[in-house]
Chemist: 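Here it is, the structure in full.
Just so it is clear: chains get the letters A, B, ... in the order the sequence lines come, proteins before strands, and each one is counted from 1.
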2 protein chains.
Amino acid sequence: MSETKREIILEAALVLFVERGFDGTTVPMISEKAGVGAGTIYRYFENKEALVNTLFQESVGEFLETLQDGYPRTSEDLREQFRHIAKQTIRYSKKNLNALLFLDSHTNGHYLDEASRAAYMKLRTFLFEFIEQGQKKKVIRPLPADALIAIVDGAYIALNKCIMAGEIEETPELLAGVEEACWDAIRIH
Amino acid sequence: MSETKREIILEAALVLFVERGFDGTTVPMISEKAGVGAGTIYRYFENKEALVNTLFQESVGEFLETLQDGYPRTSEDLREQFRHIAKQTIRYSKKNLNALLFLDSHTNGHYLDEASRAAYMKLRTFLFEFIEQGQKKKVIRPLPADALIAIVDGAYIALNKCIMAGEIEETPELLAGVEEACWDAIRIH
DNA sequence: CAAAACGGAATGAACATTCATTCCGAAACA
DNA sequence: TGTTTCGGAATGAATGTTCATTCCGTTTTG
């Protein structure tokens, strides 16, 4: 039951951090949105920074797990691996879109601690390995991995924002189209 | 001379906003980096929000001007128009990389006023028109314009960060490669 | 020397955090 | 079973700090 309260606080903070950023969110805002007293937050988290770092590490961890779950690691087919990454990114966005948006907008925060940076590095390494393997096999363009990842990342974040804003409807064709656009961006033709 | 001091303040604020975000940057930080007294900032800007909005509007304006400068508006060749956009984006990043990074990270700020949002809308409209024209001609994929723009945007922002961090050297081949990757992402094959 | 520009200490508001107190369900008791 | 005691969870007013902004004595300018 007390686990529940902790989660209520985390969820409220997540939403506010996505909307206003870490520095733009006050502890009273979080306590109000969570429907708890301000002091209660400090029963679960040492301070505001510990709260954001917990959120960051849990989000990275869950996202990376989702990506790795069922990943065809030993496959020689880069396209198949890419399809998996795209599919699981969509899956995670459905499970916890705010966490994905939060990750995207807080990766460079000055408040992230060593553990958060390390967790993020693991995610980054996973994606880098995919890119580098593809480059070694001359399937993926010899461009900076950062830039290639940013292309895909940007596409999926923007896509989700469009869907969330109701500007567009999510259909299998749309998802397939975005996946293909991204694949065409990173692969050698 | 007073114009110069105003610009020193704007430049210092720009760098800090890129590094730490608007809410994470304090006025004393800005005054120290600018080498002026805290009070001096208020001789040039009504308050911190006016400062960030000035910066935002000036950056959007300059960037849009750069994009429109020499734009082959009447051309039927979408590829040529895209090349121009890509080239001018690079040009602007060389002139004022921080402004580009600032724009990228502050477009959703809760502190932006009506004028800033309107200015940003103009930039967005310019890019949307390019996308929509291309979609009408069946040259560009029928995906959400937001997502397509985010792909290109993400690529160039990440590219510049790599170059800035010294992880990679800027060469004509690199720029051509990124441009082609982005074009392949948005065009119909 | 008058006027404008400047710096940085002073101010009050808003913030993160603390802590004395309340609340509540469970256990002990009768 | 009805009553009392207990302990930890929860609270929000109080605290000290940090911030944006103001104010005024000093410096620069013309």
Chemist: Distance under 6.0 Å and angle within 45° of the ring axis: does B/K48 meet both against B/F22?
Modeler: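 Yes, B/K48 and B/F22 form such a contact.
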Chemist: I want to verify a distance call: between D/dT21, C/dT17, C/dA5, whose nearest atom is closest to the A/N47 side chain?
Modeler: C/dT17
Chemist: To the nearest angstrom, how far is A/R20 atom CZ from C/dC15 atom C1'?
Modeler: 13 Å
Chemist: Tell me the interatomic distance from A/L16, atom CG, to C/dA16, atom P, rounded to whole angstroms.
Modeler: 12 Å
Chemist: What's the closest nucleotide to the side chain of A/T40 if the choices are D/dT21, C/dC6, D/dT11?
Modeler: D/dT11
Chemist: Quick one: which residue pairs count as a salt bridge (charged side-chain N to carboxylate O under 4.0 Å, His left out) with a foot in residues 17-37 of chain A, not counting sequence neighbours?
Modeler: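 Found none.
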Chemist: Starting from C1' on C/dA5, measure out to CZ on B/R43 and report it in whole angstrom.
Modeler: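 Rounded to the whole Å, the gap is 5 Å.
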Chemist: Between C/dA5 atom C1' and B/I8 atom CD1, what is the distance in whole Å?
Modeler: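 Rounded to whole Å, this separation is 14 Å.
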Chemist: Between A/E46 (CD) and C/dA16 (C1'), how many Å, whole number?
Modeler: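 Rounding to the nearest Å, CD of A/E46 and C1' of C/dA16 are 13 Å apart.
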Chemist: If you look only at pairs with a residue in residues 152-163 of chain B, which of them pass as a salt bridge (charged side-chain N to carboxylate O under 4.0 Å, His left out), with sequence neighbours excluded?
Modeler: none
Chemist: Identify, residue by residue, the members of residues 26-36 of chain A with a heavy atom below 4.0 Å from DNA chain C, and return them in order of residue number, or none.
Modeler: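 Close to the strand are A/T26, A/V27, A/P28.
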Chemist: What is the distance, rounded to the nearest whole Å, between atom CG of A/D23 and atom C1' of C/dA14?
Modeler: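 After rounding, the gap between these two atoms is 15 Å.
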Chemist: In whole Å, I'd like the distance from the NZ atom of B/K48 to the C1' atom of D/dC19.
Modeler: 8 Å
Chemist: Restricting to pairs with a member in residues 127-149 of chain B, which pass salt bridge (charged side-chain N to carboxylate O under 4.0 Å, His left out), not counting sequence neighbours?
Modeler: A/E180-B/R141, A/D184-B/R141, B/E76-B/K137, B/R124-B/D146
Chemist: Just one of B/V152, B/L143, B/L78 clears the side-chain contact (heavy atoms from CB on, under 4.5 Å) bar with B/I186, so which one?
Modeler: B/V152
Chemist: Salt bridge (charged side-chain N to carboxylate O under 4.0 Å, His left out) with A/E167: which residues, sequence neighbours excluded?
Modeler: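 For A/E167 there are no salt bridge (charged side-chain N to carboxylate O under 4.0 Å, His left out) partners, ignoring immediate neighbours.
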Chemist: Identify which nucleotide among C/dC6, D/dT22, D/dT11 has an atom closest to any side-chain atom of B/Y42, counting heavy atoms from C-beta outward.
Modeler: D/dT22
Chemist: Provide the full list of salt bridge (charged side-chain N to carboxylate O under 4.0 Å, His left out) pairs with a residue in residues 88-107 of chain B, sequence neighbours left out, each pair given once.
Modeler: B/E62-B/K95, B/K94-B/E170
Chemist: Which one, D/dA10, C/dT17, C/dG7, comes nearest to the side chain of A/K5?
Modeler: D/dA10
Chemist: Using atom CD1 of B/I41 as one end and atom C1' of D/dC23 as the other, report the distance to the nearest whole Å.
Modeler: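 For the pair B/I41 CD1 and D/dC23 C1', the rounded distance is 16 Å.
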